[in-house]
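These notes are about the structure you will find just below.
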Amino acid sequence: MSQIAADTRFMAAALAVGRRGLGLCAPNPAVGALIVNDGAILARGWTKPGGRPHAETEALRAAGRQARGATLYVTLEPCSHHGKTPPCTDAIAAAGIGRVVYAIDDPDPRASGLGAQILAGAGIEVTRGVLAEEAWQVHLGHFLRVTRERPMVTLKLAVTADFYAAGPPAGPRLLITGKPANAFVHVQRAIHDAVMTGIGTILADDPLLNVRLSGFEHRRLLRVVLDSDLCLPPSAKLAASAAEIPTLIIAGTGAGEDRAERLREAYVEVVLAPRNPSGRVDLGAALKLLGGRGLTRIFCEGGPRMAAALIDYDLADNVMIITAPEPLGHAGVLGLDSNALKLLEDPARYRIAETRMIGSDRLTRHERRP
């Protein structure tokens, strides 16, 4: 096997290992690391919950003395600055690693390019850029938080075969997808830092927005509701369960303090964000607020209006459309308006990254181009 083929193979494995930290390690990225010698994997490491220990030090700890002279594969440039823990570059050099292969430079100005320089200065061979595009997608939340002060957003829409997301406004709740697709959505919630929706969805469906999968009972991801005028009733499932599952309402400036206090008494956190010209919470400001809290990955399950706005304002980084096999067969609420659909289908704006079946439903995943 050539060196290039081996590097690609082991970096793909490091990316897979790193994904174990998705949704658990914010504000830090979900990094994966492998220590390899003579074609054999000696140790693995990934970023632990809360962001520490880092993947590199976990792999080095597991490898022990076997790390000397070995190759470290890591999905992001090793950190070189002092934070709450010493730099990973120091630990790598002290362990006697002979070669470091990493996927992509860290955009953090305290680290970008410096980690590679320090390692090379310590006599360690450095190779960078292996599976950089794949690593960019995995670490997108970290990259956007550093460069745009916001988390990445995964937008999920469930639609009928004739592209309706709901029935008529006065009709009953429309159950679109089957059990396998519903389970997939819960997995997606679990690998994000928060799930976000709008007050319209809450008033129409009264969802719980938690992770309901066997083995994930401990997962208590943040639930975020954009509620410009604080219309969330204290009897809603989100408010009733806020003492057990963290719940954040982002209201518009000038929202009634009496309503805010009533929700706070139910253990719902309420914060204010600027409004857009139409009077609703400004989406960009809301995401910047979430980025400021250290969140890197948001799973959005809002309705068609929120979905269209995220696409219109270039804030939807991954768009997952789950299409059921059956049509609605009559007028309803379209999944996206014509302008948002046009943008989603624009190859200069998005690319189709994945199409597959989940049970009887079809998933089409669009990735926003850098």
Side-chain angles (χ1 to χ4, degrees), residues 21-30 47 49-51 107-108 137-157 185 188-202 207-211 219-232 238-239 241-242 245-253 255 260 263-264 267-276 280-303 305-320 368:
L22 289 175
L24 298 171
C25 58
N28 287 352
T47 312
D108 189 324
Q137 283 295 332
V138 171
H139 299 313
L140 182 56
H142 170 65
F143 276 59
L144 289 176
R145 184 170 175 266
V146 171
T147 61
R148 301 191 188 182
E149 300 180 302
R150 72 163 178 90
M152 67 87 69
V153 175
T154 298
L155 169 63
K156 186 273 296 184
L157 278 174
V185 169
Q188 291 302 309
R189 289 178 183 176
I191 63 173
H192 287 75
D193 304 329
V195 58
M196 182 175 76
T197 191
I199 187 60
T201 297
I202 299 299
L208 192 55
L209 294 180
N210 63 343
V211 179
R219 190 73 174 93
R220 295 289 185 268
L221 81 167
L222 177 67
R223 302 173 300 181
V224 179
V225 181
L226 304 190
D227 183 4
S228 302
D229 298 308
L230 292 174
C231 296
L232 180 73
L238 262 72
S241 59
I245 306 175
T247 306
L248 172 68
I249 302 296
I250 303 180
T253 52
L263 290 169
R264 291 186 183 114
Y267 301 97
V268 176
E269 183 181 0
V270 179
V271 298
L272 302 181
R275 297 176 185 259
N276 62 23
R280 299 188 181 93
V281 169
D282 181 273
L283 278 171
L287 290 174
K288 189 171 182 179
L289 184 153
L290 295 174
R293 296 168 69 100
L295 302 182
T296 62
R297 294 170 56 83
I298 305 296
F299 190 63
C300 180
E301 297 190 58
R305 186 171 64 188
M306 178 180 285
L310 286 167
I311 293 172
D312 287 347
Y313 291 104
D314 200 24
L315 296 171
D317 304 296
N318 274 288
V319 180
M320 295 180 172
R368 185 177 60 82

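Only this structure's heavy atoms are used, side chains among them; waters, hydrogens and symmetry mates stay out.
- Applying the side-chain hydrogen bond (donor to acceptor under 3.5 Å, both in side chains) criterion to Arg220, with sequence neighbours excluded, gives no partner residue.
- With rounding to the nearest 0.5 Å, the separation of CG in Leu22 from OG1 in Thr296 is 8.0 Å.
- Scored by the salt bridge (Lys or Arg N to Asp or Glu O under 4.0 Å) test, Asp108 finds Arg110 as partners (sequence neighbours excluded).
- Considering CG of Asn276 and OH of Tyr313, their distance stands at 6.0 Å, rounded to 0.5 Å.
- Annotation: side chain of Gln188 is not in contact with side chain of Lys156 (no heavy-atom distance under 4.5 Å).
- Atom OG1 of residue Thr147 and atom CG of residue Leu140 lie 8.5 Å apart, to the nearest 0.5 angstrom.
- Taking every heavy atom of both residues into account, Val268 and Ala242 meet most closely at CG2-CB, 3.7 Å.
- In plain terms, the two heavy atoms of Ser228 and Ala255 that are nearest each other are O-CB, 3.7 Å.
- Residues Asp282 and Lys288 are not paired through a salt bridge, judged by the lack of any N-O separation under 4.0 Å between the basic side chain and the carboxylate.
- One N or O on the side chain of Thr47 and one on the backbone of Pro29 form a donor-acceptor pair closer than 3.5 Å.
- Of all heavy-atom pairs between Arg145 and Gly291, the closest is NE-O, 2.8 Å.
- In this structure, Ile298 and Pro151 approach most closely via the heavy-atom pair CG1-CG, 3.5 Å.
- In terms of the salt bridge (Lys or Arg N to Asp or Glu O under 4.0 Å) criterion, Arg148 has no residue partners (sequence neighbours excluded).
- Using a 4.5 Å heavy-atom cutoff, the side chains of Val225 and Leu232 are not in contact.
- To the nearest 0.5 angstrom, Leu295 atom CG is 9.0 Å from Leu289 atom CG.
- Residues Met196 and Ile250 have side chains not in contact (no heavy-atom distance under 4.5 Å, counting atoms from C-beta outward).
- Considering only heavy atoms from C-beta on, Asp317 comes within 4.5 Å of Arg150 through its side chain.
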Can Ile202 and Asp227 be said to form a side-chain contact (heavy atoms from CB on, under 4.5 Å), step by step?
-> CA-CA 10 Å; Ile202 299 299; Asp227 183 4; over 6 Å; no
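- For the pair Val281 and Gly252, the tightest heavy-atom approach, listed with the atom from each and the gap, is CG2-N, 3.5 Å.
- When all heavy atoms of Ala30 and Gly21 are compared, the pair lying nearest together is CB-C, 3.8 Å.
- Residues Val195 and Leu221 meet the side-chain proximity criterion, which asks for heavy atoms closer than 4.5 Å.
- Remark: Leu226 CG to Cys300 SG distance equals 7.5 Å, nearest 0.5 Å.
- Residues meeting the salt bridge (Lys or Arg N to Asp or Glu O under 4.0 Å) test with Asp229, sequence neighbours left out: Arg275.
- Applying the salt bridge (Lys or Arg N to Asp or Glu O under 4.0 Å) rule to Asp193 yields no partners; only residues at least two apart in sequence or on another chain are considered.
- Counting heavy atoms from C-beta outward, Leu315 and Arg368 have side chains that stay 4.5 Å or more apart.
- With Arg219 contributing its side chain and Val211 its backbone, the two residues share no donor-acceptor pair below 3.5 Å.
- Applying the ring pair (Phe, Tyr, Trp, His ring centres under 6.0 Å) test to His142 and every residue at least two apart in sequence or in another chain returns nothing.
- Of the possible polar contacts, one joining the Arg189 side chain to the Asn210 backbone as a donor-acceptor pair under 3.5 Å is found.
- Within the model, atoms OG1 of Thr201 and CE of Met306 stand 7.0 Å from one another, a figure rounded to the nearest 0.5 Å.
- At a cut-off of 3.5 Å, with distance as the only test, a side-chain donor of Thr247 or Arg223 sits close to an acceptor on the other residue.
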Please step through side-chain contact (heavy atoms from CB on, under 4.5 Å) for the pair Leu310 and Leu283, ending with a clear verdict.
-> CA-CA 7 Å; Leu310 286 167; Leu283 278 171; 4.0 Å; yes
